[in-house]
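Comments concern the structure below.
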Amino acid sequence: MPELPEVETIARGLTNHLLDKRIAAVDIRCSKIVNGDEETFRRLICGRKIEKIYRHGKYLFLLLSPEPAVSIHLRMSGQLYLSGYESIPDKHTHLDFYFQNYNKKLSYRDIRKFGRLEIIPKGDISGYIRRKKLGPDALEINRGSLSTALKSSKRSLKALLLDQSLLAGLGNIYVDEILFLAGFLPFSTGNKLTGRQIEKLFNAISEVLQQAIKNRGTTLSDFIDVHGKRGSNQFSLMVYGQAGKPCAKCRQPIIKTKVNGRGTHYCAFCQR
DNA sequence: CTGTTTACCTGGGGGC
DNA sequence: TGCCCCCAGGTAAACA
């Protein structure tokens, strides 16, 4: 499932290939994927040049010149990939962008159709981020803000780290990995962590995410980069999907349970 | 207001 | 083989 490292991998891939390309046409085959009227969507972006591509949390932003911006959220199973101009889309490929003087198209594919593309004015991106209640990006947050976020309530660490309004970008896989690396149990609460413990968590967040970006994301089933290639971070997972297998550190079996309704993996010996 | 549960989708896997 | 049921997960909306 695309979380921060997967969206970052896509943002970098798109930046490498689509910067300064001009959108020539958009083929929408499933209109619920785009927010609002399909015809308006087409009209507002056709003929516009891609000026900048970046992400905040799991949201991807394409800035067009002179206007507008497109926000894309892949949710559970969304994919963005480049393919030959004339390749035939399968039944889950809902939208294609064509470009001037470029022999590839950018396709949006989404088996579960949870993802969305939205048009917003460029000047309103910060407003959009506010309306979506997104906190600071998980790679940009500073220790003070993380501390405030974790002490904001007596919910579990799992719930706190998944809460996009506190810090944006973490999903189920990386939260489990971060809590393992930091050595904290997912159902323990954040409000009585010491400064030293918060620092441990802070470092684990950045370490786990940076490593996953280096590995070009985690591919358990769906994730692919803009070239259709799988990531390799699944081979570095310590707890997620490892239920019953021996912990890499202490050889005790990894436990899978539910915390806040989410599948949660941890080592009862290494995490306290 | 806060925190928890459910709906949205589809494919895959287990049980029989 | 095939059918039924449940599970996976990010977010928004509904709920307590």
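A quick note: this is a predicted structure, and the numbers were derived from the prediction, not measured.
Using a cut-off of 4.0 Å between Lys/Arg side-chain N and Asp/Glu carboxylate O, A:Asp163 and A:Arg155 are scored as salt-bridged. A salt bridge between A:Arg55 and A:Glu8 is present, with a side-chain N of the basic residue lying under 4.0 Å from a carboxylate O of the acidic one.
Using a 4.0 Å heavy-atom cutoff across all strands shown, A:Asp110 reaches no nucleic acid atom at all. Using a 4.0 Å heavy-atom criterion, one finds that A:Ser77 contacts no nucleic acid atom at all. Within 4.0 Å (heavy atoms only), A:Gly263 reaches sugar-phosphate atoms of the nucleic acid but no base atom.
Atom CZ of A:Arg116 and atom C1' of C:dA12 are 11 Å apart (whole Å). Spacing between atom CG of A:Leu220 and atom P of C:dG10 amounts to 11 Å, rounded to whole angstrom units. Rounded to an integer number of Å, the gap from CG of A:Leu74 to P of B:dC9 is 18 Å. Note: CG (A:Leu160) to P (B:dT2) measures 13 Å, nearest angstrom. To the nearest angstrom, C1' of B:dT4 lies 16 Å from NZ of A:Lys158. One atom, CG of A:Asn191, and another, C1' of B:dT2, lie 14 Å apart when rounded to the nearest Å. Distance A:Ile129 CD1 to C:dT11 C1': 16 Å, rounded to the nearest Å. Distance A:Asp90 CG to B:dT10 P: 13 Å, rounded to the nearest Å.
For C:dA8, the OP1/OP2 oxygens have a side-chain nitrogen or oxygen of A:Lys258 closer than 4.0 Å. An OP1 or OP2 oxygen of B:dG11 is reached within less than 4.0 angstrom by no side-chain nitrogen or oxygen of A:Ser221. Close to C:dG10, at under 4.0 Å from its OP1 or OP2, lies no side-chain N or O of A:Gln164. For the OP1/OP2 pair of B:dT4 and a distance below 4.0 Å, the side-chain nitrogens and oxygens of A:Asn260 include at least one atom meeting the criterion. Between B:dT10 and A:Lys113, a contact under 4.0 Å exists linking OP1 or OP2 to a side-chain N or O. Listed pair A:His92 / B:dG11 meets the phosphate criterion, a side-chain N or O lying under 4.0 Å from OP1 or OP2. Note on A:Lys256: a side-chain N or O is less than 4.0 Å away from OP1 or OP2 of C:dA8. Contact between the side-chain N/O atoms of A:Lys132 and the OP1/OP2 oxygens of C:dA12 is found at a separation under 4.0 Å.
For A:Ser107 and A:Asp96, the side-chain atoms include at least one donor-acceptor pair closer than 3.5 Å.
The same atom, P, is picked in B:dT6 and in C:dC6; the two are 14 Å apart, to the nearest Å. Separation of the P atoms belonging to C:dC7 and B:dT5 is 15 Å when rounded to the nearest angstrom. B:dC9 sits 24 Å from C:dC3 when the P atoms are compared, rounded to a whole Å.
Below 30°, between 30° and 60°, or above 60°: for A:Tyr98 and A:Tyr85 the angle between ring planes is above 60°, a perpendicular geometry. Using cut-offs of 30° and 60° on the angle between ring planes, the pair A:Phe97 and A:Phe41 is tilted. Using cut-offs of 30° and 60° for the angle between ring planes, the A:Tyr59 and A:His73 rings count as perpendicular.
The aromatic ring of A:Phe114 does not stack onto the base of C:dT11, failing the criterion of a centre distance under 5.5 Å from the six-membered base ring together with planes under 30° apart.
Minimum atom distance to the side chain of A:Lys58 is reached by C:dG10, of the listed B:dG11, C:dG10, C:dA8. Of the listed nucleotides (B:dG11, B:dC9, B:dG3), B:dG11 has the atom at the smallest distance from the side chain of A:Lys91. Distances were taken from every side-chain heavy atom of A:Arg155 (C-beta onward) to each of B:dT4, C:dG10, B:dC9; the shortest belongs to B:dT4. Side-chain atoms of A:His73 lie closest to C:dG10 of the nucleotides C:dG10, B:dG3, C:dA12.
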task: Just do the ring-ring contact (aromatic ring centres under 6.0 Å, His included) check on A:Tyr266 and A:Phe184 with the steps written out, would you?
output: CA-CA 9 Å; A:Tyr266 67 97; A:Phe184 302 126; over 10 Å; no
